[in-house]
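Here is the structure we will look at, set down as structure tokens.
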Amino acid sequence: MKLGDLCHAAPCFSTAASFEIPSPGATSAQFKFDEKEGRAYYAVLLRNHDISNAPDLNPRVAVVGLSPGGNQIDEFRNVYSVKKNYVAASIDGAFAGLHQDIIAMFKGLGIAEKFDLRFPNPNSIARDPDIFGTSLVACASLWSDGSSDDFNLADFEPARRCMTMRFVKEILNPAFTRLSHVFILGIEGWKAIQTVKMREDITVLQHLQDHGKTVLMLPHPRKQNQAYVKLASLPSNAMPKLEKYLEDRWTLYLKQSTKHGKQKKSESEYKSSRKTIWVAVDTLRKEIAKIDHSQ
């Protein structure tokens, strides 16, 4: 099996389509099919559905990451070694470790109610018929030193090609007649769709909008974003007022011990950073509240 069998476009590198997929039990390094501009790309292509064999798939919403990283590679390899099935490993590896936070935000922000999302598996979006999960860069990508830190897709030609020639085609699949809203996880992905261009002066975001898609950003459920995620996961009637939120968080902050050599922030500095979080989540709630129930 070659990468081209899994990704028919395989636009990232001229040699990508001919890359032979390693057998179960292979190391992460054996999945690396190319490297350019300080980014390594791995034939670990993750989605929450097998879109090559899902004729009835017609999701209501899409949730989109930046690119699978180290945790997703590890989960993929573990499942691949046990099940000996690439597609099964691809689905199980997609959004590994992030499912519960994604579901919690969908519920807390009102997205689940708006789109009648039922979550057949309350702990996972894998194979959820109403949710299409993918990434702007489909195959896993790491920095050359092996780290999973975010990267600016606009700076990397293979990432741009994957995004404009593969991602957009997936989202605009004519079979997805119910898919009206696309939720991008995190600021890096959001910046990418606003800067990477399809043609001339048309960005990916504009292109999706021109084809009737509403695109919104959700907090990325990584560890450093948990303050956003926790607020976004609250039901609307539990969302605290700004003043109470700032006072409660400040009180907790004063009780926390600091790491060696670090000083606590001033009250104004701390509250300012927390206000940014509250305002971002509150704004998102208001945007989602405007969504027409009939969509």
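Positions are given from 1 along the sequence.
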side-chain contact (heavy atoms from CB on, under 4.5 Å) evaluation trace for M165 with C12: CA-CA 9 Å; M165 300 174 68; C12 49; over 6 Å; no

Chi angles and distances behind the side-chain contact (heavy atoms from CB on, under 4.5 Å) call for W278, L246: CA-CA 9 Å; W278 188 95; L246 295 180; 5.7 Å; no

Derivation and outcome, side-chain contact (heavy atoms from CB on, under 4.5 Å), residues F115 and S180: CA-CA 10 Å; F115 294 95; S180 59; 3.8 Å; yes

Side chain to side chain donor-acceptor pair (under 3.5 Å) between D101 and S233, worked out: CA-CA 8 Å; D101 280 341; S233 299; 5.4 Å; no

Test side-chain contact (heavy atoms from CB on, under 4.5 Å) applied to S141 and L66, step by step: CA-CA 10 Å; S141 178; L66 185 70; over 6 Å; no

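With hydrogens and angles ignored, the 3.5 Å screen pairs a side-chain donor or acceptor of Q206 with a backbone N or O of T203. H49 contributes no side-chain N or O that, together with a main-chain N or O of P59, makes up a donor-acceptor pair within less than 3.5 Å. A donor-acceptor pair under 3.5 Å is formed between the side chain of H99 and the backbone N or O of A94. Formation of a donor-acceptor pair under 3.5 Å by the D5 side chain with backbone atoms of K2 is found in this model. Without hydrogens or angle criteria, E113 side chain to G110 main chain gives no donor-acceptor distance under 3.5 Å. At distances below 3.5 Å, at least one donor-acceptor pair connects side-chain atoms of S144 with backbone N or O atoms of G38. A side-chain donor-acceptor contact under 3.5 Å links N225 to the backbone of H220. With hydrogens and angles disregarded, no donor-acceptor distance shorter than 3.5 Å links the side chain of N48 to the backbone of I91. Of the possible donor and acceptor atoms, none in the side chain of S272 sits under 3.5 Å from a partner among the backbone N and O of S268. Judged by distance alone, the side chain of R166 and the main-chain N or O of L136 form a donor-acceptor pair under 3.5 Å.
Side-chain contact check for M163 versus V204: some heavy-atom pair is nearer than 4.5 Å. Looking only at side-chain heavy atoms (C-beta outward), F132 and E170 come within less than 4.5 Å of each other. The shortest distance between side-chain heavy atoms of T164 and V196 falls below 4.5 Å. Taking the side chain as every heavy atom from C-beta outward, I73 and Y42 approach each other to under 4.5 Å. Residues L185 and P221 have side chains in contact (heavy-atom distance under 4.5 Å, counting atoms from C-beta outward). Taking 4.5 Å as the limit, some side-chain heavy atom of V64 sits within range of a side-chain heavy atom of F167. Within the 4.5 Å cutoff, no side-chain heavy atoms of I103 are placed close to those of N123. Contact annotation: the side chain of R285 approaches that of V281 to within less than 4.5 Å [non-hydrogen atoms, C-beta and beyond].
Within the model, atoms CG of L6 and SG of C139 stand 8.0 Å from one another, a figure rounded to the nearest 0.5 Å. Distance check: I51 CD1 to T134 OG1 gives 7.0 Å after rounding to the nearest 0.5 Å. Between atom CD1 of residue I277 and atom CG of residue L242 there is a gap of 11.5 Å, rounded to the nearest 0.5 Å. Distance check, rounded to the nearest 0.5 Å: CD of Q226 to CG of L231 gives 11.5 Å. Annotation: the span from S67 atom OG to L153 atom CG amounts to 7.5 Å, rounded to 0.5 Å. Expressed to the nearest 0.5 Å, how far CH2 of W190 lies from CG of L205 amounts to 5.5 Å.
The 12-atom threshold is not exceeded at NZ of K275, counting heavy atoms of other residues, nucleotides or ligands nearer than 6.0 Å. In Q263, the CD atom is not crowded: 12 or fewer heavy atoms of neighbouring residues, nucleotides or ligands sit closer than 6.0 Å. Few gaps surround NZ on K213; more than 12 heavy atoms of other groups in view lie less than 6.0 Å from it. For K84, the NZ atom counts as densely surrounded, since its 6.0 Å shell holds more than 12 non-hydrogen atoms of other residues, nucleotides or ligands.
Follow the hydrophobic side-chain contacts under 4.5 Å out from I171 and you never reach I111; the two are in separate clusters. Cluster membership for L57 and L172, using ILVMFWY side-chain heavy atoms within less than 4.5 angstrom, is shared. When hydrophobic clusters are built by joining Ile, Leu, Val, Met, Phe, Trp and Tyr residues whose side-chain heavy atoms come closer than 4.5 Å, directly or via intermediates, V215 is not grouped with F183. Under the 4.5 Å side-chain heavy-atom criterion for grouping Ile, Leu, Val, Met, Phe, Trp and Tyr, F95 is not connected to V137 through any hydrophobic cluster. Linking Ile, Leu, Val, Met, Phe, Trp and Tyr residues whenever their side-chain heavy atoms come within less than 4.5 Å leaves L208 and L216 in two separate clusters.
At least one cation-pi condition fails for R249 and Y270: the charged atom is not both under 6.0 angstrom from the six-membered ring centre and inside a 45 degree cone around its axis. By the 6.0 Å and 45° rule, R274 does not stack over the aromatic ring of W250.
Checked for salt-bridge contact, D150 and R222 meet the test: a charged N lies under 4.0 Å from a carboxylate O. A salt bridge is defined here as a Lys NZ or Arg NE, NH1 or NH2 lying under 4.0 Å from an Asp or Glu carboxylate O, and E267 with K271 meets this definition. The pair R118-D116 counts as a salt bridge, with a side-chain nitrogen and a carboxylate oxygen less than 4.0 angstrom apart. A salt bridge links R127 with D92; the closest basic N to acidic carboxylate O contact falls under 4.0 Å. Salt-bridge check for K191 with E188: passed, with a basic side-chain N closer than 4.0 Å to an acidic carboxylate O.
Closest approach of S124 to A126, counting heavy atoms only: OG-N, 3.0 Å. The two residues A43 and Y86 make their nearest non-hydrogen contact at O-OH, 2.8 Å. P24 and S81 make their closest contact through CB-CA, 4.0 Å (heavy atoms, listed as atom of the first residue, atom of the second, distance). Minimum heavy-atom separation, L179 to A62: CD1-CB, 4.0 Å. Across all non-hydrogen atoms, the minimal contact from R39 to F156 is CG-CE2, 3.2 Å. Between K32 and F19, the shortest heavy-atom distance links the atoms O-CE1, 3.6 Å.
Between F106 and F119, the ring-plane angle classifies as tilted under the 30° and 60° cut-offs.
Using modelled atom types and a 3.5 Å distance limit, the side chains of N71 and S148 yield no donor-acceptor pair.
Checked against the 6.0 Å centroid criterion, the rings of W143 and Y41 do not qualify as a close aromatic pair.
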